[in-house]
Amino acid sequence: MLPTHHLISIVVPVFNEEESIQETIKRLLALRGSFDNEANIELIFIDDGSNDSSLRLLRDAATREQCIKIISFSRNFGHQIAITAGIDAAQGDYVAVIDADLQDPPELIRDMYSLALAGYDVVYGKRRTRAGETMFKKLTATAFYRILSYMCEIPIPTDTGDFRLMSRRAVNALSELRERHRFVRGMVPWVGFPTAPLEYDREERFAGTSKYPLRKMLAFATNGILSFSRKPLAVASRLGFLVLFSGLLLGLYMLGLKLFTDIPVAGLTVILLTIIMFSGMQIILIGVVGEYIARIFEEVKGRPLYVVAEKVNF
Ligand code: UDP
Ligand code: MG
């Protein structure tokens with residue numbers, strides 16, 4: 001019935017995944033069976049500067065299977081940049097993104113594709129449950145997605161990661177966004193187009209440990225908010241007005257004490273407290289402004305997003 005023969009690109013960022021990469025390749029290749037004659041797949045692995053044997057294992061697989069392609073970075077550029085490089089290189093009519101640790105079941109890409117054929121340009125995986133993640137990670141993740149949706153003008157779906165499938169026109173639009181601080185799961189909703197969720201249970205990591213230590217996670221979260229919202233700046237200026245106003249009230253109150261009563265105004269204490277309070281606040285506010293300026297600085301340099309060391313099977 002459908003004469004279409006699509007190519008589906010599957011983008012997989014890899015950073016020190018030697019324990020799980022072979023299983024991941026196996027499960028992704030097995031996907032071919034579920035597409036029958038409807039579609040072909042190409043697997044694009046981005047080696048994000050791994051310092052274990054991940055790249056060697058990928059090369060071995062790529063000599064056996066032509067549909068396995070590799071982009072290896074000159075160093076570690078980070079998960080979001082790795083995803084971007086894969087999307088840039090993808091030839092497919094549809095492009096899926098999936099982690100290399102099998103937390104997101106590859107078999108779901110088949111269901112995502114069916115939904116895409118039904119007319120959705122973006123089908124994103126929505127985590128119903130998260131197995132094998134610490135209470136801390138679950139709590140902070142929940143808090144983060146709630147704060148984010150309060151802060152941002154465009155609605156970013158809660159409890160989603162980068163596991164999704166996009167149509168060619170959505171990918172083309174996304175590729176136009178060349179910003180350096182990339183928060184891909186926010187950039188995709190910005191692009192728009194009909195979007196549908198696919199609920200799934202997130203599994204435990206197949207092997208190895210998370211490549212997102214707390215430090216990277218915090219940077220990722222801050223970046224998500226700062227890249228998608230001007231609210232921190234608005235909060236800063238509102239706070240300024242609030243303080244100015246309460247200062248005026250306090251001044252009037254003390255003037256009243258002086259003019260109409262005999263109560264002495266405790267000068268030094270009031271002055272010291274005010275100075276300390278205001279200095280602290282000013283430092284915080286300068287910090288907020290500084291964060292945005294740092295981002296401008298990073299952007300205007302206009303450096304490429306990543307440096308490719310080697311490409312295989314392209
Ligand atoms: N990853 C990457 N570069 C990095 C960190 C992670 O390409 O600097 C990859 C990693 O190999 C995995 C995916 O990004 O395929 C998600 O990382 P991870 O599973 O460690 O994150 P978590 O699921 O714990 O949030
Ligand atoms: Mg993971």
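Read the numbers this way: they start at 1 and go in the same order the structure lists the ligands and their atoms. In what follows, residues are counted from 1 in the order of the sequence shown.
- For Arg64, there are no salt bridge (charged side-chain N to carboxylate O under 4.0 Å, His left out) partners, not counting sequence neighbours.
- For the pair Lys138 and Phe136, the cation does not sit on the ring face, since its NZ or CZ is not both under 6.0 Å from the ring centre and inside 45° of the axis.
- Under the side chain to side chain donor-acceptor pair (under 3.5 Å) criterion, the residue pairs touching residues 284-299 are Asn223-Arg295, with sequence neighbours excluded.
- Side-chain atoms of Ser20 and Asp101 include no donor-acceptor pair closer than 3.5 Å.
- Between the side chains of Asp47 and Ser72, no donor N or O sits under 3.5 Å from an acceptor N or O.
- Distance check: Ile41 CD1 to Ile8 CD1 gives 7.5 Å after rounding to the nearest 0.5 Å.
- For ligand 1, the 4.0 Å heavy-atom shell contains residues Pro13, Val14, Phe15, Glu17, Asp48, Asn76, Gly78, His79, Asp99, Ala100, Asp101, Gln103, Lys137, Arg202, Arg205, Ser210, Lys211, Tyr212, Lys216.
- With salt bridges taken as basic N to acidic carboxylate O contacts below 4.0 Å, none links Arg127 and Glu203.
- A salt bridge links Arg128 to Glu199: one of the charged nitrogens lies within less than 4.0 Å of a carboxylate oxygen.
- Excluding waters, the protein N/O/S atoms found under 2.8 Å from the Mg ion (ligand 2) are Asp101 OD2, Gln103 OE1.
- Taking the ring axis of Phe77 as reference, the NZ or CZ atom of Arg75 stays within 45° of it and closer than 6.0 Å to the ring centre.
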